[in-house]
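Below: one structure, written as structure tokens.
In what follows, chains carry the letters A, B, and so on, assigned in the order in which the sequence lines appear, proteins first and then strands, with residues in each chain numbered from 1. Being a predicted model, the structure only gives us computed values, none of them experimental.
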There are 2 protein chains.
Amino acid sequence: MRMAELSAESGLPVATIKFYLREGLLPQGVRTSATQATYGDAHLRRLRVIRALIDAGVSVARARKVLATLDEPPDEVAALLAEAHAAVAPSGEEDVPLAEIEDLAEQLGLQCWTHRPERLAEVARAMRTLREAGFALPPEVMRTYWTSMRHIAAAEIAEIPVGDPDEAVRYVVLGTALVEPLLLALRRVAEQLATVERFPPNP
Amino acid sequence: MRMAELSAESGLPVATIKFYLREGLLPQGVRTSATQATYGDAHLRRLRVIRALIDAGVSVARARKVLATLDEPPDEVAALLAEAHAAVAPSGEEDVPLAEIEDLAEQLGLQCWTHRPERLAEVARAMRTLREAGFALPPEVMRTYWTSMRHIAAAEIAEIPVGDPDEAVRYVVLGTALVEPLLLALRRVAEQLATVERFPPNP
DNA sequence: TTCATTGGCTAGTAGTACTATCTAATCTAG
DNA sequence: CTAGATTAGATAGTACTACTAGCCAATGAA
């Protein structure tokens, strides 16, 4: 496939594809001469992944990290997940006091949180933001959040395909980045449903 | 409170506060003369909410809508929630074919989805993005997403305070916008936990 | 041979969230 | 009552992001 074709197939302007090439999101094609290269199906698939990431709100810089993880995955699943998380998660600038993290770990019933506190720190930051806005999160709701997320995580991790490592990497990395908008959208639908149940509309 | 004080108390530069004033995120202070105005605690609290929204990833334009909902809430809870959702949700440009939405509604077991299809369309878009990236979401996982989100929504809606309308508005509007990062962060912690359970690290 | 295509380069654009400066009016302290 | 500080309001500038557009020389296909 040549550039014009790749552009037509993917629906993206040539200039944009060149941009992704420059930014290292899309690997170079196979050079056939000084001013010519060909691209394969892998490039087309990659472009679709790039668009999916960017449409999902991932920045170009983070998308590059996600794709790097996809290309050179660590062999331990936990490390793979951690890399995917680090690539997608917002990296908070100010750090969270240890005491706050310890409190949180206790609240969630975690013992061995010490080996990777970044994700927990992110939870703490989100809760601080809530507090600073003057929003009191009912403890009951917080408990539901946590148990629901444990359910979700259990289901997700249980479905990691074990046969094909490539498939597993894809599942973990894309599942991390692309499922977030889906979950939030489902929450909104569920909230509207629960609302009309609790507060039936006037006739 | 004068501008300098408001700036000191909130920790925000004067220029930034003036920007929020211009953008209509922060209401004007009480004018005492042609070049002087005073601000109250309400302004300080509002600034905290603005920062929380913006830190949570809400754009200035969307924050303005959220705050407008906070200031002039509709009296029906369902309408309030819908406005809050519309303010924070990504508004997809391309629309989703009706057939796709109908399929989805059936899959989720919804009957009366017709009166407000926007949120459902958002779910459909998220799923399409997933599909286009070549990510096959296991049906079992999708089911878990949905049941978990219904649990979450039930807990959230059940805790809407009924006594004080102001508190209810605050709870719904801020809960919509500010809880999202918390949920995603909790999911990441839960995923790491589930992973070390299913794939114990090598010794 | 002739003309369209392309890689590689550089520069420009639109949008977002501030940030800085200026002016003239006012307020405050001495 | 005056000198210096403060401030509203306006305008312009900045840094960053995600493209977008143009050019040029080398190539490839007719």
Residues forming a salt bridge (Lys or Arg N to Asp or Glu O under 4.0 Å) with A:Glu197, sequence neighbours excluded: B:Arg150
Treating A:Ser148 as the side-chain partner and A:Tyr145 as the backbone partner, does any N or O pair qualify as donor plus acceptor under 3.5 Å? no
How many whole angstroms separate atom CG of A:Asp55 from atom P of D:dC19? 9 Å
Are A:Glu102 and A:Glu106 side-chain neighbours, meaning at least one heavy-atom pair lies under 4.5 Å? no
Say whether, by atom type as modelled, one donor and one acceptor occur between the side chain of A:Arg198 and the main chain of B:Ala158 under 3.5 angstrom. yes
Using heavy atoms and a sub-4.0 Å distance, could you list which residues of residues 29-51 of chain B are near DNA chain D? By number, please. B:Arg31, B:Thr35, B:Gln36, B:Ala37, B:Tyr39
Could you tell me how far apart A:Met3 (CE) and D:dT20 (C1') are, to the nearest whole angstrom? 14 Å
Is there side-chain contact between B:Val88 and A:Leu184, with at least one heavy-atom pair below 4.5 Å? no
Quick one: does A:His85's side chain have a donor or acceptor within less than 3.5 Å of a partner on B:Ala185's backbone? no
Would you call A:Arg188 and B:Glu180 a salt bridge, taking side-chain N to carboxylate O under 4.0 Å as the test? yes
Salt bridge flag under 4.0 Å for residues B:Glu140 and B:Arg143: yes
Pick base, sugar-phosphate or nothing for B:Glu5, based on heavy-atom distances below 4.0 Å to the nucleic acid. nothing
Who passes salt bridge (Lys or Arg N to Asp or Glu O under 4.0 Å) against B:Arg51, sequence neighbours left out? B:Asp55
B:Arg2 vs D:dT7: side-chain N/O to OP1/OP2 distance below 4.0 Å: yes
B:Val123 side chain reached by B:Trp146 side chain, heavy atoms, under 4.5 Å: no
Ordered by number, residues from residues 18-26 of chain A within less than 4.0 Å of DNA chain D (heavy atoms) are A:Phe19, A:Tyr20, A:Arg22
I need the residues from residues 58-68 of chain B with at least one non-hydrogen atom less than 4.0 Å from DNA chain D; give them sorted by number, or say none. none
Does A:Arg125 come within less than 4.0 Å of A:Glu122, counting only side-chain N to carboxylate O? no
Go through the steps for B:Glu156 and A:Arg187 under the test salt bridge (charged side-chain N to carboxylate O under 4.0 Å, His left out), then give the verdict. CA-CA 10 Å; B:Glu156 289 173 322; A:Arg187 173 177 173 239; 2.8 Å; yes
With distance as the sole test, does B:Ser7 use its side chain to make a donor-acceptor pair with the main-chain N or O of B:Met3 at under 3.5 Å? no
5' to 3' contact window, DNA chain C with chain A (heavy-atom distance under 4.0 Å): C:dT5 to C:dT10
